[in-house]
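Remember, it's 1-based here, ligands and their atoms both numbered in the order they're listed. These numbers come from a predicted model, not from an experiment.
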Amino acid sequence: MAVAINRDLEPLTPHRPVLLLSVLNGAIVVTGQILPHLHFPLLLDSVQVSRYGSEVAGGVLQWRLHPRESVRGTVVLLLDDILDEGVTLKALQEYCLREGAAAVHTAVMVRKQRSRSVDVRVDYVALDVPDRFVFGYGLDARGLGRNAPGIFALPEDV
Ligand code: 5GP
Ligand code: MG
């Protein structure tokens, strides 16, 4: 994923750093792992959101942490843990564009293999997984398991 991101974003940054927005807490491991592999000037910032009910397809987000850096005029790289329905990433993408980002690129550590009603563009994916609830590598299962040293599926009968 870092190779693809370097290829696309390095040429865009001779004058202005990219703003890497890490979506906490889930993206914490992939953020730490990818950072030393990105070879262009960047600012690191974080956002934290949760969804208001999974049935809301319009992307109503509950904000816990807004970015401190201004996104206006910058190339933003959104880095999230997992693409499920796509609501979260779509809403964050729209937020950045509303706030005046010059461009928004999106990356996820994990993408679930499933159909999506949300029309969301994801530029970079590290790993595709079956449509199961997964945890580890930053992803939690009821708050636990973020420190599991790989990505694991919960048994289907719990
Ligand atoms: P979406 O808005 O794409 O449906 O949901 C994305 C968010 O839901 C992710 O950022 C993550 O926080 C949570 N999520 C969705 N699927 C899983 C999963 O299998 N495991 C974990 N730990 N979180 C998930
Ligand atoms: Mg998340």
Quiz item: When rounded to the nearest 0.5 angstrom, what is the spacing between CG in Leu79 and CG in Leu24?
Solution: 10.0 Å
Self-check item: Atom pair CG/CD of Leu89 and Glu94 - distance to nearest 0.5 Å
Solution: 10.5 Å
Could you work out, for [atom], the closest of [options] by heavy-atom distance?
atom: atom 10 (O) of ligand 1; options: Thr88, Val129, Asp81, Val49; answer: Asp81
atom: atom 22 (N) of ligand 1; options: Val118, Asp140, Val87, Leu154; answer: Asp140
atom: atom 9 (C) of ligand 1; options: Asp131, Val108, Val120, Ile82; answer: Ile82

Self-check item: Backbone N/O of Val108 and side chain of Asp80: donor-acceptor pair under 3.5 Å
Solution: no
Quiz item: Would you say the side-chain atoms of Arg64 pair up with the backbone N or O of Ser50, donor to acceptor, closer than 3.5 Å?
Solution: no
Is [X] touching ligand 1 with its side chain, its backbone, both, or neither, if touching means heavy atoms under 4.0 Å apart?
X: Leu89; value: neither
X: Val23; value: neither
X: Lys112; value: side chain

Practice problem: Determine, using heavy atoms of Gly86 and all atoms of ligand 1, whether some pair is separated by less than 4.0 Å. | Solution: yes
Quiz item: For Phe133, is the nearest heavy atom under 4.0 Å from an atom of ligand 1?
Solution: yes
Listing, residues 40-49 side-chain donor-acceptor contacts under 3.5 Å, not counting sequence neighbours, or none:
| from | atom 1 | to | atom 2 | distance (Å) |
| --- | --- | --- | --- | --- |
| Asp45 | OD2 | Arg68 | N | 2.7 |
| Asp45 | OD2 | Glu69 | N | 2.7 |

Quiz item: Hey, does Ala141 come in under 3.5 Å of ligand 1, counting only N/O atoms on both sides?
Solution: no
Quiz prompt | Numbered atoms of ligand 1 (with element) below 4.0 Å of Arg132, judged on heavy atoms | solution = 19 (O)
Quiz item: Between Lys90 and Glu85, is there a side-chain N and carboxylate O pair less than 4.0 Å apart?
Solution: no
Please list every donor-acceptor pair under 3.5 Å in which a side-chain atom of residues 119-128 meets a protein atom from a residue at least two apart or in another chain.
| from | atom 1 | to | atom 2 | distance (Å) |
| --- | --- | --- | --- | --- |
| Arg121 | NE | Asp123 | OD1 | 2.8 |
| Arg121 | NH2 | Val104 | O | 2.8 |
| Arg121 | NH2 | Asp123 | OD1 | 3.4 |
| Arg121 | NH2 | Asp123 | OD2 | 2.9 |
| Asp123 | OD2 | Thr106 | N | 2.8 |
| Asp123 | OD2 | Thr106 | OG1 | 3.4 |
| Tyr124 | OH | Asp8 | OD2 | 2.6 |
| Asp128 | OD1 | Arg111 | NE | 2.7 |
| Asp128 | OD1 | Arg111 | NH2 | 3.4 |
| Asp128 | OD2 | Arg111 | NH2 | 3.1 |

